[in-house]
**Student:** 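Below you will find the structure I want to go over with you.
This structure is a prediction, so every number in the text was calculated from the model and none was measured. Numbers restart at 1 for each chain; the letters A, B, ... are given by sequence-line order, proteins then strands.
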Amino acid sequence: MPELPEVETIRAGLARHVLDATVVGLDIRRDSALRRQDGGRTEFTDRLLGCHFTAAVRRGKFLWLTLSGADEVAAALVIHLGMSGQLRLGSPPSSHSRIRFDLSFPDGRTEVLDFVDQRTFGYVAVRDLVPTADGLPGGLGSDRPQVPDLAAHIARDLLDPHLDRTDLVHRIRARQTGIKRALLDQELVSGIGNIYADEALWRAGLHYARAAHRLRSAEVNRLLDHASEVMNESLAAGGTTFDELYVNVDGDAGYFARALAVYGRTGANCPRCDTPIVREAFMNRSSFRCPRCQRPPRTRR
DNA sequence: CCCGGATCCTGCTGGC
DNA sequence: TGCCAGCAGGATCCGG
């Protein structure tokens with residue numbers, strides 16, 4: 001399940017391997033992978049063929065390759081991995097490959113880039129770039145103040161040097177909802193998914209249902225520090241690989257799964273106090289927590 | 001406007 | 001052994 005560290009690992013891989021590559025061929029194997037493409041496969045093909053990639057950029061879980069070519073409008077190939085999307089370079093054919101990109105490099109070398117996606121929540125699309133609301137760079141990997149229209153509503157993430165932390169804390173505390181729901185809201189702060197939300201809450205000793213507006217600024221700041229710390233640690237380990245639905249562009253797994261304290265560890269002992277970790281349904285998904293380190297809030301009546 | 005629940009999808013797993 | 005319910009969860013859509 002790619003969250004910020006996994007998407008960033010993939011972005012860095014693309015930045016290393018496909019910049020300056022020209023798209024010389026496309027094999028669209030499943031139309032639904034283009035469901036966010038205006039004009040469908042025709043427009044996708046027309047806008048992409050002959051372009052080359054100029055930068056690999058990321059904001060939260062959104063990834064894009066900026067394009068240079070015949071198109072007069074600034075555009076990018078937007079990639080959202082959903083929950084099982086992968087980008088693979090020079091990998092053997094996969095039955096879950098949705099789009100294949102034939103790339104040609106200035107030195108004459110060729111390579112195939114595959115968008116692989118088992119559970120099909122991911123998508124790719126060529127979209128226009130629009131100015132950022134704050135005039136600051138659109139994401140990690142580019143100095144241009146532009147983002148794809150599709151990602152214009154997505155907030156900056158915790159690894160973004162232009163994130164306004166004071167404003168973020170203020171906006172989280174203005175929410176009439178539980179703290180985990182706020183952490184997962186990509187319009188508040190992007191990049192955090194179920195895994196890193198649970199890990200950050202465990203590190204901070206907070207229950208997922210604690211009311212966001214009842215937390216002190218210092219508590220929210222501490223929680224965000226933990227979230228950014230756990231994601232940086234994961235990034236250093238190449239991300240979290242559970243069930244092989246996440247690998248980097250070279251097909252390698254990440255090693256952070258072994259460092260998780262609570263996520264997916266039902267019945268295992270809390271690393272801090274040895275109490276068995278519990279799993280609970282919350283927001284239509286699983287939440288893992290230590291029942292001792294993360295006590296439920298008293299319900300108001 | 002804000003909040004929260006339902007929904008899309010596929011493949012694997014566990015229970016009977 | 002075979003079948004089927006349940007589970008995994010990104011973002012988005014819609015109703016209250």
Side-chain angles (χ1 to χ4, degrees), chain A residues 1-11 29-38 58-64 78-87 94-99 115-125 127 147-157 170-201 208-214 227 231 234 239-247 257 260 262-267 277-288 299-300:
Chain A
M1 296 126 239
E3 302 180 30
L4 189 151
E6 293 76 32
V7 181
E8 174 57 21
T9 302
I10 290 166
R11 185 203 68 79
R29 306 162 72 90
R30 184 180 280 224
D31 281 316
S32 66
L34 295 180
R35 66 189 178 283
R36 303 304 303 271
Q37 178 67 60
D38 298 328
R58 181 193 57 75
R59 176 186 286 219
K61 303 168 197 168
F62 279 79
L63 181 62
W64 62 93
V78 180
I79 300 147
H80 198 292
L81 301 172
M83 65 181 289
S84 61
Q86 305 178 348
L87 289 169
S94 158
S95 59
H96 297 126
S97 176
R98 309 306 185 197
I99 313 273
F115 174 65
V116 178
D117 189 17
Q118 183 196 97
R119 296 183 194 166
T120 72
F121 277 26
Y123 58 82
V124 302
R127 306 285 301 209
V147 289
D149 58 349
L150 266 182
H153 63 297
I154 298 297
R156 292 184 182 276
D157 59 66
H170 180 78
R171 298 205 307 137
I172 287 176
R173 296 181 70 227
R175 287 294 172 98
Q176 299 287 317
T177 189
I179 187 62
K180 181 171 177 182
R181 191 179 285 274
L183 277 185
L184 292 175
D185 187 336
Q186 307 296 303
E187 298 190 34
L188 266 179
V189 58
S190 65
I192 304 174
N194 209 33
I195 297 174
Y196 299 107
D198 278 6
E199 292 298 310
L201 287 166
Y208 56 80
R210 290 284 296 276
H213 69 283
R214 304 188 116 202
M231 290 194 293
S234 177
T240 300
T241 296
F242 268 115
D243 44 13
E244 308 188 346
L245 286 185
Y246 163 72
V247 289
L260 297 175
V262 288
Y263 188 85
R265 300 190 70 241
T266 311
I277 301 301
V278 297
R279 178 176 94 71
E280 289 158 341
F282 177 69
M283 285 178 73
N284 258 347
R285 46 188 44 98
S286 291
S287 275
F288 300 90
T299 49
R300 276 189 306 154

**Student:** I'd like to check the ring pair (Phe, Tyr, Trp, His ring centres under 6.0 Å) partners of Tyr196(A); sequence neighbours left out, ordered by chain and number.
**Tutor:** none
**Student:** Report the residues that fulfil ring pair (Phe, Tyr, Trp, His ring centres under 6.0 Å) with Phe62(A), sequence neighbours left out, ordered by chain and then residue number.
**Tutor:** His80(A)
**Student:** Rounded to whole angstrom units, what separation is found between the CZ atom of Phe115(A) and the P atom of dG10(C)?
**Tutor:** 15 Å
**Student:** Please round to 10 degrees the angle between the axis of the first five pairs and the axis of the last five pairs in the helix from dC2(B)-dG16(C) to dC16(B)-dG2(C).
**Tutor:** 50°
**Student:** Going 5' to 3' along nucleotides 2-7 of chain B, which nucleotides have protein heavy atoms under 4.0 Å from the base (write B), which only from the sugar-phosphate (write S), and which from neither (write -)?
**Tutor:** -SBSBB
**Student:** Identify whether NZ of Lys or CZ of Arg in Arg36(A) sits under 6.0 Å from the centre of the six-membered ring of Tyr123(A) and within 45° of that ring's axis.
**Tutor:** yes
**Student:** Give every pair of a protein N or O atom and an N or O atom of nucleotides 8-10 of chain B that lie under 3.5 Å apart, one pair per line with the distance.
**Tutor:**
residue : atom : partner   : partner atom : Å
dC9(B)  : O3'  : Thr120(A) : OG1          : 3.4
dC9(B)  : O2   : Arg119(A) : O            : 3.4
dT10(B) : OP1  : Arg30(A)  : NH1          : 2.9

**Student:** How many whole angstroms separate atom OH of Tyr246(A) from atom C1' of dA8(C)?
**Tutor:** 18 Å
**Student:** In whole angstrom, give the distance that lies between atom CD of Glu6(A) and atom C1' of dA8(C).
**Tutor:** 15 Å
**Student:** Would you please name every residue forming a side-chain contact (heavy atoms from CB on, under 4.5 Å) with Ala174(A), sequence neighbours left out?
**Tutor:** none
**Student:** Tell me what Ser32(A) touches on the nucleic acid: a base, only sugar-phosphate, or nothing, going by heavy atoms under 4.0 Å.
**Tutor:** nothing
**Student:** Among Arg58(A), Lys61(A), Arg59(A), which residue satisfies the side chain to side chain donor-acceptor pair (under 3.5 Å) criterion with Asp157(A)?
**Tutor:** Arg58(A)
**Student:** Whether the Glu280(A) and Tyr208(A) side chains hold a donor-acceptor pair (N or O, under 3.5 Å, no angle test) is what I'd like checked.
**Tutor:** yes
**Student:** Report the residues that fulfil salt bridge (charged side-chain N to carboxylate O under 4.0 Å, His left out) with Arg265(A), sequence neighbours left out, ordered by chain and then residue number.
**Tutor:** none
**Student:** Kindly write out the residues that satisfy salt bridge (charged side-chain N to carboxylate O under 4.0 Å, His left out) with Arg210(A), not counting sequence neighbours, or none if the list is empty.
**Tutor:** Glu219(A)
**Student:** Rounding to a whole Å, what distance do you find between Gln86(A):CD and dG10(C):P?
**Tutor:** 16 Å
**Student:** Tell me, do Asp185(A) and Arg175(A) make a side-chain contact under 4.5 Å, heavy atoms counted?
**Tutor:** yes
**Student:** Mind checking ring pair (Phe, Tyr, Trp, His ring centres under 6.0 Å) for Phe288(A) and listing every partner two or more places apart, or none if nothing turns up?
**Tutor:** Tyr263(A)
**Student:** Given atom CG of Leu260(A) and atom P of dA8(C), what is their separation to the nearest angstrom?
**Tutor:** 15 Å
**Student:** Under the rule for salt bridge (charged side-chain N to carboxylate O under 4.0 Å, His left out), what residues qualify as partners of Asp198(A), not counting sequence neighbours?
**Tutor:** Lys180(A)
**Student:** Roughly, in whole Å, what's the span from CZ in Arg279(A) to P in dC7(C)?
**Tutor:** 6 Å
**Student:** Nearest whole Å is fine: how far is dC1(B) P from Leu188(A) CG?
**Tutor:** 16 Å
**Student:** Heavy atoms under 4.0 Å, any strand shown: does Arg35(A) hit a base, just sugar-phosphate, or nothing?
**Tutor:** nothing
**Student:** As a quick check of understanding, evaluate salt bridge (Lys or Arg N to Asp or Glu O under 4.0 Å) for Asp117(A) and Arg98(A), giving each step before the final call.
**Tutor:** CA-CA 7 Å; Asp117(A) 189 17; Arg98(A) 309 306 185 197; 5.5 Å; no
**Student:** Could you tell me which residues satisfy side-chain contact (heavy atoms from CB on, under 4.5 Å) with Ala155(A), sequence neighbours excluded, listed by chain and number?
**Tutor:** none
**Student:** More than 12 non-hydrogen atoms from neighbouring residues, nucleotides or ligands closer than 6.0 Å to NE2 on His170(A), yes or no?
**Tutor:** no
**Student:** Which pairs, protein N/O on one side and nucleotides 12-14 of chain C N/O on the other, fall under 3.5 Å?
**Tutor:**
residue : atom : partner   : partner atom : Å
dT12(C) : OP1  : Arg36(A)  : NH1          : 3.4
dT12(C) : OP2  : His153(A) : NE2          : 3.1

